[in-house]
Number of protein chains: 2
Amino acid sequence: MPRDTLTREQIVKAAIELLDDEGLEGLNMRALGKRLGSAATAVYWHVGSKDNLITLAGDEVWHQIALPDLATTDWRTAATQMATDLHTMLTRHSWLVQAFGSYMIFGPGKARHDDHGLAIYEAAGFTMAQADQAAAIVFTFVLGNALVPAAAASFAKKLGRDGGNAEALMHESMAKAHEIAAQFPRLRARLDTAVTDYATAPDNTFQFGLQAILDGLEARLSARVSGGA
Amino acid sequence: MPRDTLTREQIVKAAIELLDDEGLEGLNMRALGKRLGSAATAVYWHVGSKDNLITLAGDEVWHQIALPDLATTDWRTAATQMATDLHTMLTRHSWLVQAFGSYMIFGPGKARHDDHGLAIYEAAGFTMAQADQAAAIVFTFVLGNALVPAAAASFAKKLGRDGGNAEALMHESMAKAHEIAAQFPRLRARLDTAVTDYATAPDNTFQFGLQAILDGLEARLSARVSGGA
DNA sequence: TTCATACTTGAACGTTGTGCAAGTGGCCTC
DNA sequence: GAGGCCACTTGCACAACGTTCAAGTATGAA
């Protein structure tokens with residue numbers, strides 16, 4: 001067998017593919033080894049541990065997010081674009097939000113992203129401390145928004161792995177949730193409309209919330225900048 | 001041995017304690033059995049599976065959140081209070097945010113909480129669809145805000161479990177993160193101030209962001225209510 | 001040709017969630 | 001009070017997982 005069949009980039013790429021296909025709990029070293037055509041243990045020489053591999057995979061995703069050019073884009077548009085890009089990225093790789101809670105995901109990719117986020121709010125005229133807060137608020141909002149669909153996707157995958165019939169199990173879970181919600185007046189009232197609303201425009205709430213947040217930040221921060229206290 | 005030594009409530013209570021002490025990855029059925037003074041497998045008769053146990057534990061936490069009285073509290077205060085309560089709860093039980101990404105956590109406790117959330121925004125005069133969006137936006141913001149410290153806590157616990165010397169490992173990780181951040185101008189600039197800022201008032205950003213969001217929601221939603229389109 | 005180095009491999013260990021058959025004790029019925 | 005049913009408990013076992021380790025194997029350098 002020739003040398004250098006396995007590289008770190010190759011492994012990370014395969015890991016991301018596997019994570020996208022099977023979810024966070026579907027990634028295990030033996031499956032990854034099979035996908036790479038090598039022994040499971042060969043991976044360890046290149047990445048050290050599963051934890052580290054996930055950190056690397058997560059950071060690679062952050063690396064792929066485009067950064068808006070602040071010379072040609074006003075800050076509000078840039079902020080919207082960056083938040084939206086991150087949101088779609090986290091939605092596409094739904095394992096990343098989950099991993100964010102259990103692994104320490106911070107590397108060059110995320111640092112690059114964070115840095116540009118700060119740049120946007122500084123370009124808007126905010127002080128460093130204000131930019132810091134603004135970036136943190138928008139980031140956590142995106143994170144939280146991605147967490148709910150990620151949970152749903154993860155749950156659906158789990159059902160698919162356990163028994164054969166994922167559809168039936170999912171239907172059963174939905175029915176149980178429906179039954180619980182029906183005992184509360186406001187939840188019961190929206191049981192019918194919620195599904196169709198979401199189907200019509202899933203990203204509506206995210207965009208609406210994001211703009212509302214930027215509105216609020218703009219008003220509050222500029223008030224502090226110009227006025228006192 | 002007497003009958004009924006073990007009850008579902010007892011198990012859930014012990015599980016929450018164990019989760020608070022050891023984190024999400026520290027919860028395993030054998031440790032739980034030991035804490036309860038029974039065999040690990042005895043738990044299965046009462047809760048079915050680990051997944052279900054975590055769902056029950058999570059919902060129990062939601063049950064413990066107080067709901068503001070809308071007859072004596074204006075909506076804005078009520079919204080702030082509920083969001084803040086949820087935030088402190090998620091911070092206290094940091095495993096819950098992580099579990100939220102991997103398990104389907106929805107039961108009577110969360111339903112009760114969700115329902116009251118909708119009530120707040122309907123009391124503010126929003127339509128049902130608007131209240132829906134507002135509640136979702138605030139909820140996801142709280143969720144995202146809790147996720148970052150949860151990740152940090154989980155990471156610290158993991159270091160403590162692996163090797164003996166958690167302090168040294170943590171210091172090493174911080175140094176590595178520091179080194180990466182130093183390569184980006186804005187991150188480098190705030191490396192020194194960030195820690196002291198956070199130490200001074202950790203909840204500042206959360207409260208500030210929450211109020212900014214409520215500002216934005218209020219402005220945007222009331223504009224839609226009174227004006228057109 | 002020889003050797004060291006970089007990389008790979010399969011066997012193995014400890015931990016985990018969980019199924020299963022065999023218990024065990026309290027309560028009901030006669 | 002005797003017997004039996006049933007709720008509940010237990011220990012054993014298995015498969016899947018992350019990871020370690022000693023033993024390989026191919027490749028470039030000498």
Side-chain angles (χ1 to χ4, degrees), chain A residues 1-12 14-15 18-19 21-57 95 98-99 102-104 154-155 157-164 169, chain B residues 1-12 14-15 18-19 21-57 95 98-99 102-104 154-155 157-164 169:
Chain A
M1 229 179 268
R3 216 173 79 169
D4 278 5
T5 38
L6 228 48
T7 67
R8 182 182 263 226
E9 292 78 30
Q10 218 174 80
I11 292 174
V12 170
L18 191 53
L19 284 163
D21 288 351
E22 310 286 342
L24 187 57
E25 306 182 20
L27 173 69
N28 66 73
M29 305 309 268
R30 287 172 237 260
L32 182 60
K34 188 170 288 182
R35 182 177 280 248
L36 286 164
S38 68
T41 50
V43 174
Y44 280 87
W45 195 90
H46 295 273
V47 301
S49 69
K50 185 187 178 183
D51 281 20
N52 194 38
L53 173 59
I54 289 181
T55 300
L56 290 172
W95 50 271
Q98 303 175 253
S102 303
Y103 303 87
M104 195 65 174
S154 170
F155 183 66
K157 283 216 177 77
K158 188 182 295 185
L159 290 185
R161 257 192 302 276
D162 288 354
L169 288 171
Chain B
M1 228 180 265
R3 217 171 80 169
D4 280 4
T5 35
L6 228 47
T7 66
R8 180 182 265 224
E9 292 77 31
Q10 217 174 81
I11 293 174
V12 170
L18 191 53
L19 284 163
D21 288 351
E22 310 286 344
L24 187 57
E25 306 182 19
L27 173 69
N28 65 74
M29 304 309 268
R30 287 172 236 263
L32 182 60
K34 188 172 286 181
R35 183 177 279 247
L36 286 164
S38 67
T41 50
V43 175
Y44 280 87
W45 195 90
H46 294 274
V47 301
S49 69
K50 186 187 179 185
D51 280 22
N52 194 40
L53 173 60
I54 290 181
T55 300
L56 290 171
W95 48 272
Q98 303 176 253
S102 302
Y103 303 87
M104 193 66 176
S154 170
F155 183 66
K157 283 217 176 77
K158 189 181 296 185
L159 289 185
R161 257 193 302 277
D162 288 354
L169 288 171

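A, B, ... follow the sequence lines: proteins, then strands. Residue 1 opens every chain.
Between the CG atom of L24(A) and the P atom of dG18(D) there is a distance of 11 Å, rounded to whole Å. Atom CG of L36(B) and atom C1' of dC8(D) are 14 Å apart (whole Å). What separates CG of L53(A) from C1' of dT19(D) is a distance of 14 Å, to the nearest Å. Protein atom CD of Q10(A) is 13 Å distant from nucleotide atom P of dC7(C), rounded to whole Å. Between the CG atom of L6(A) and the P atom of dA26(D) there is a distance of 16 Å, rounded to whole Å. Atom CH2 in W45(B) sits about 13 Å away from atom P in dC6(D), given to the nearest Å. Between the CG atom of L32(A) and the C1' atom of dT19(D) there is a distance of 14 Å, rounded to whole Å.
Note on A39(A): only backbone sugar-phosphate atoms sit closer than 4.0 angstrom, heavy atoms only; bases stay farther off.
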Which parts of nucleotides 15-20 of chain C does protein reach within less than 4.0 Å, heavy atoms only, written one letter per nucleotide 5' to 3' as B for base, S for sugar-phosphate only and - for none? -BBBB-
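With sequence neighbours excluded, the residues satisfying side-chain hydrogen bond (donor to acceptor under 3.5 Å, both in side chains) with D51(A) are K158(B).
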Look for any protein N or O under 3.5 Å of an N or O in nucleotides 21-23 of chain C and output each such pair with its distance, or none.
none

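Within the structure, a side-chain polar atom (N or O) of H46(A) is placed less than 4.0 Å from OP1 or OP2 of dT8(C).
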